[in-house]
Amino acid sequence: MNLFEQSIMKTVLYAPRVHLGIRRKKRKRGEDTLTLDATVNGKEVKVSLPIKRVPLMLFFIMMDAPGILIGRPANIPSFNGAWVKPFLEHGPRMPQGLQGMATPALDTHKFMQFLAKIGHCYAVSVLGHTFKPILSDMILADPAPPPNFYLIGSYGNARTDDPTANLHELDVSWQSADGVEYAVVSIRMFAKLGAPTYRVVAGERK
């Protein structure tokens, strides 16, 4: 597992996976708790709480379509909002004595690398040698490169999909733009919660 994958899996996706009972490797000592920045008596401190009692939110960035598919220049960003799913909404929102706390942050640079690797690997497994991969440099870059809105996006705020019975969903299709056919991988993590679908342009048809 790459460092950027570990970063995403152990921060913004870690506690939600525990709440949903997703199988993980054998836990090590201390992995039943999550360390967070919190405010106690007006002071900023770090506290460790049982993961299943952490009042947190699963959130994903929302983006427009990948620029290469709609003719948007590569240097124009496409962030346009966030999708948020609260956990423990019927339980205590703040442990007693805490005046405030911060949930783990989403590193957008590493998150885009994370999506790129999923898209690349899935396209290779399904399409084999029928396409020319274009994500390798982004995946292998260290440190993580800035978000690539030209090759990675979603459907924007206008599209919301209903929850399904599946935890995650993957699909790949061909889409033409400016006379070129691109392999586009659809990635929907936590589909059962109604999370957004990302679109990753994995390569060109040979």
Side-chain angles (χ1 to χ4, degrees), residues 1-17 22 24-25 34-35 37 58-83 102-156 168-191 195-206:
M1 183 180 291
N2 296 81
L3 292 177
F4 65 81
E5 291 176 282
Q6 294 181 33
S7 173
I8 298 300
M9 297 297 286
K10 292 184 177 181
T11 55
V12 69
L13 297 186
Y14 184 62
R17 292 172 68 238
I22 298 174
R24 299 169 292 148
K25 294 181 179 180
L34 192 65
T35 300
D37 294 319
L58 172 63
F59 59 95
F60 289 125
I61 54 176
M62 298 290 289
M63 297 177 281
D64 294 320
I68 197 172
L69 300 180
I70 59 175
R72 188 183 63 242
N75 62 336
I76 297 180
S78 72
F79 283 132
N80 59 24
W83 175 90
T103 57
L106 175 63
D107 185 323
T108 54
H109 292 216
K110 293 178 180 178
F111 184 64
M112 297 287 261
Q113 268 189 308
F114 183 71
L115 292 175
K117 183 172 181 180
I118 294 173
H120 170 80
C121 292
Y122 187 73
V124 169
S125 68
V126 174
L127 302 176
H129 298 292
T130 63
F131 80 111
K132 177 183 177 182
I134 57 177
L135 295 172
S136 299
D137 289 344
M138 186 193 319
I139 295 168
L140 297 174
D142 184 21
N148 189 321
F149 302 107
Y150 198 58
L151 299 179
I152 300 176
S154 54
Y155 288 98
H168 307 307
E169 295 175 346
L170 285 168
D171 190 24
V172 62
S173 60
W174 295 100
Q175 182 169 336
S176 297
D178 290 330
V180 180
E181 276 194 286
Y182 295 102
V184 182
V185 178
S186 296
I187 302 171
R188 194 182 189 199
M189 295 176 284
F190 301 101
T197 300
Y198 291 104
R199 301 166 72 199
V200 176
V201 180
E204 305 174 4
R205 189 190 290 274
K206 288 185 176 179

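Keep in mind that the numbers below use all heavy atoms, side chains included, and drop hydrogens, waters and symmetry copies.
- Interatomic distance, CD1 of Ile187 versus NZ of Lys117, reported as 12.5 Å (0.5 Å rounding).
- Between Ala116 and Leu135, the shortest heavy-atom distance links the atoms O-CD1, 3.6 Å.
- The side chain to side chain donor-acceptor pair (under 3.5 Å) analysis of residues 171-184, with sequence neighbours excluded, yields the pairs Gln175-Arg199, Glu181-Arg205.
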Using the side-chain contact (heavy atoms from CB on, under 4.5 Å) rule, take Phe131 and Val124 through it: C-alpha gap first, then chi angles, then the decisive distance, then the call.
CA-CA 8 Å; Phe131 80 111; Val124 169; 3.9 Å; yes

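- A distance of 4.5 Å separates OG1 of Thr108 from CZ of Phe79, quoted to the nearest 0.5 Å.
- We find the OH-CG distance between Tyr150 and Leu69 to be 9.0 Å, quoted to the nearest 0.5 Å.
- Formation of a donor-acceptor pair under 3.5 Å by the Gln113 side chain with backbone atoms of Ala141 is found in this model.
- Once rounded to the nearest 0.5 Å, the distance linking CE of Met62 with OG of Ser154 reads 5.0 Å.
- Looking at heavy atoms from C-beta onward, Val201 lies in side-chain contact with Ile134 at the 4.5 angstrom threshold.
- When all heavy atoms of Met112 and Met138 are compared, the closest pair comes out as O-SD, 4.2 Å.
- Annotation for Ala183 and Leu127: closest pair CB-CD1, 3.6 Å, computed over non-hydrogen atoms.
- Pairing each heavy atom of Ala202 with each of Ala123, the nearest pair is CB-CB, 3.7 Å.
- In this structure, Phe111 has its ring center closer than 6.0 angstrom to the ring center of Tyr198.
- For the pair Arg72 (side chain) and Ser78 (backbone), a donor-acceptor distance under 3.5 Å is absent.
- Asp64 places a side-chain heavy atom less than 4.5 Å from the side chain of Asn80.
- The minimum heavy-atom distance linking Ser136 with His120 is given by the pair OG-CE1, 4.2 Å.
- The CG atom of Leu115 lies 14.5 Å from the NZ atom of Lys110; values are rounded to the nearest 0.5 Å.
- Annotation: side chain of Leu58 is in contact with side chain of Leu13 (closest heavy-atom distance under 4.5 Å).
- Atom CD1 of Ile139 sits about 6.5 Å away from atom SG of Cys121, to the nearest 0.5 Å.
- With sequence neighbours excluded, no residue satisfies ring-ring contact (aromatic ring centres under 6.0 Å, His included) with His109.
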